[in-house]
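Report on the following structure.
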Amino acid sequence: MQYDRIKDILAKEPLNEKIEIRGWLRTRRDAKDFSFLELNDGSCLANLQIIASSDLGNYQDVIVKLHTGCSLKVTGELKESPAKGQKIELHAEEIDIYGWADPEIYPLQKKRHSYEFLRTIAHLRPRTNSLGAIARIRSSLSFSVHQFFHTHGFVYVHTPIITTIDCEGAGEMFKVVAPEDVLNDISGIQSNADFFGKPANLTVSGQLQAEVYAMALGKVYTFGPTFRAENSNTSRHLAEFWMVEPEMAFYDLADNMNLAESFLKYLVRHTLENDSEDLHLFANFVDKNLYRKLQNILEEPFSRITYTEAIKLLQKSPQKFDFPVEWGTDLQAEHERYLCEEIFDRPLFVTDYPRDIKPFYMRINDDNATVAAMDLLLPGIGEIIGGSQREERYDVLVSRMQEMHLNLDEYNWYLDLRRYGTVIHSGFGLGFERFLQFITAMKNIREVIPFPRTPGSALY
Ligand code: 4AD
Ligand code: MG
């Protein structure tokens with residue numbers, strides 16, 4: 001069979017051809033001598049309209065009993081549709097049912113359900129229009145991420161999920177432990193939790209391992225799940241989220257920001273070109289300004305200010321903040337959003353944060369008070385990217401690590417990168433779900449990952 005996905009059928013409209021299609025019923029409407037069936041197979045938002053005539057052998061026994069959620073196979077011929085609403089329809093010659101969905105108990109009824117309710121049935125929610133569209137956009141954007149780096153000469157590196165280092169130094173790591181009966185058989189273990197001979201955790205970032213490969217291959221990236229055991233129950237935080245992390249030898253902070261800007265523009269352009277049907281849903285029903293917001297990313301250069309300038313702007317502003325604004329403290333979400341929504345109204349890089357609020361690996365600036373860090377803030381979201389130029393000077397790095405009470409023995413391998421052929425280098429991490437929130441205008445991050453993990457909740 002040449003066409004087996006509704007998306008291809010709607011795109012190519014192979015009229016008068018014999019079609020066999022499988023999917024799930026969205027709705028059934030009965031007319032005098034036939035029924036309209038709306039079939040969806042997940043390949044696209046649109047349904048295929050099926051005309052099921054009362055001449056069909058199983059019309060009385062099966063067709064008129066079909067309900068939302070039933071799974072079907074339909075064979076027939078594709079015709080032009082005389083009615084408004086769709087250009088083509090499938091005239092069924094045979095309809096077979098795979099599985100019923102009892103309308104008395106099937107949780108997804110025709111009415112609109114709240115996103116909160118849908119989260120409680122995360123195993124069924126991809127069957128809804130919006131969650132299905134998000135899944136397709138997520139897949140399409142993942143592909144674009146790889147495409148961007150591939151066409152820009154980057155090597156994709158699989159950094160480990162289980163790690164024995166703490167990249168961010170924030171102590172927000174989930175522990176990895178093995179069962180005791182397994183451990184009893186392994187000699188030389190330090191404690192009854194250590195499968196690996198030392199404590200291990202789920203990674204919070206692949207950056208430090210990506211640096212290893214950048215120091216050999218020049219330009220690399222990693223794209224995978226990361227884990228944070230922070231007790232943040234907000235609409236922007238997950239305990240398991242995906243991060244895109246490029247790392248580039250010979251890039252300084254400005255090169256790093258330029259790359260981040262062209263990367264984001266590339267992703268937005270690609271989603272506008274490739275996901276228009278799904279995007280339209282969000283522009284229609286979730287945020288009427290969505291296209292303007294996305295265009296805004298493409299048209300203007302992103303703004304850039306230093307942290308010190310940002311503090312001055314916030315202190316001068318008439319806005320009352322819950323958290324005080326003071327040089328030396330981290331920017332809170334309310335400050336970030338005020339800066340990029342009210343003052344700049346476009347994406348904003350904030351650079352050169354105080355050294356005391358940033359991790360050990362960031363390069364110390366000449367002022368000795370700030371580091372070559374950059375955060376990218378997006379309107380409506382806040383921080384979407386965190387990155388920096390890395391400290392490439394051996395002595396400076398060692399003294400900074402000592403200052404932060406890191407165990408140097410654990411990081412000897414990281415220091416080797418500075419002992420042997422050190423170069424300036426930079427990188428950043430894009431929070432993939434926060435980016436998807438920006439693209440789909442979803443208010444809560446739990447809607448843009450298939451199976452959200454947050455404090456108190458991990459279904460399946
Ligand atoms: O700013 P972060 O912590 O940076 C790093 O981890 C660096 N090692 C990245 C690098 O330079 N290679 O995290 C990067 C981004 C944030 O800007 C945010 O978008 C996202 O990851 N992020 C989260 N997304 C969802 N839930 C959470 N709990 C997140 N924490 C960070
Ligand atoms: Mg950050």
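Atoms within a ligand are numbered from 1 in the order they appear, just like the ligands themselves.
- Residue-ligand proximity: Glu247 is placed with every non-hydrogen atom at 4.0 Å or more from ligand 1.
- Taking only nitrogen or oxygen atoms, main chain and side chain alike, Val204 does not reach within less than 3.5 Å of ligand 1.
- Under a 4.0 Å criterion applied to the non-hydrogen atoms of Arg236, ligand 1 contributes the atoms 25 (C), 26 (N).
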Dump the intermediate steps for salt bridge (charged side-chain N to carboxylate O under 4.0 Å, His left out) on Arg390 and Glu392, then the final yes or no.
CA-CA 6 Å; Arg390 320 305 189 192; Glu392 86 287 6; over 6 Å; no
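- With 3.5 Å as the limit, one finds a donor-acceptor pair spanning the side chains of Asn129 and Arg26.
- Aromatic pair Tyr221/Phe149: centroids less than 6.0 angstrom apart.
- In this structure, atom 15 (C) of ligand 1 lies nearest to the protein heavy atom Gly429 O, 3.7 Å.
- Nearest to atom 16 (C) of ligand 1 among the protein's heavy atoms is Glu383 OE2, 3.2 Å.
- Using modelled atom types and a 3.5 Å distance limit, the side chains of Asn365 and Arg355 yield no donor-acceptor pair.
- The protein non-hydrogen atom at the shortest distance from atom 13 (O) of ligand 1 is Arg228 NH2, 3.8 Å.
- Contact annotation: for Glu433 versus ligand 1, there are no heavy atoms closer than 4.0 Å.
- Of all the atoms in ligand 1, the ones that sit under 4.0 Å from a non-hydrogen atom of Gly386 are 1 (O), 9 (C), 10 (C), 11 (O), 17 (O).
- For ligand 1 and Ile445, the ligand atoms under 4.0 Å from any heavy atom of the residue are 25 (C).
- The Tyr361 neighbourhood of ligand 1 comprises atoms 7 (C), 8 (N), with distances under 4.0 Å to a heavy atom of that residue.
- His123 and Tyr460 are linked by a side-chain donor-acceptor pair at a separation below 3.5 angstrom, with hydrogens and angles left out of the test.
- A salt bridge links Arg119 with Glu447; the closest basic N to acidic carboxylate O contact falls under 4.0 Å.
- Against a heavy-atom cut-off of under 4.0 Å, Ile385 is close to the following atoms of ligand 1: 17 (O).
- For residue Glu383, an N/O/S atom approaches the Mg ion (ligand 2) to within less than 2.8 Å.
- Between the side chains of Gln207 and Tyr361, a donor-acceptor pair is found at a separation under 3.5 Å.
- Nearest to atom 4 (O) of ligand 1 among the protein's heavy atoms is Glu168 OE1, 4.0 Å.
- Both the sub-6.0 Å distance and the 45° axial angle are not jointly satisfied by Arg453 relative to the ring of Phe451.
- Among protein heavy atoms, atom 26 (N) of ligand 1 sits closest to Leu238 N, 3.0 Å.
- A ring-centre distance under 6.0 Å is found for Tyr338 and Phe321.
- The ligand atoms of ligand 1 that sit less than 4.0 angstrom from a heavy atom of Gly431 are 15 (C), 19 (O), 20 (C), 21 (O).
- Atom 11 (O) of ligand 1 has its closest protein heavy atom at Arg390 NH2, 2.9 Å.
- Each of the atoms 8 (N), 9 (C), 10 (C), 12 (N) of ligand 1 lies under 4.0 Å from some heavy atom of Glu245.
- Residues Tyr414 and Glu211 bring a donor and an acceptor atom of their side chains to less than 3.5 Å of each other.
- Here the two rings, on Tyr156 and His150, have centers that are 6.0 Å apart or farther.
- Under 3.5 Å, the side chains of Ser140 and Asn274 contain no donor-acceptor pair of N or O atoms.
- For ligand 1, the atoms closer than 4.0 angstrom to any heavy atom of Ser205 are 6 (O), 8 (N).
- Looking at atom 21 (O) of ligand 1, its nearest protein heavy atom turns out to be Phe241 CE1, 3.6 Å.
- The protein heavy atom nearest to atom 18 (C) of ligand 1 is Arg434 NH1, 3.5 Å.
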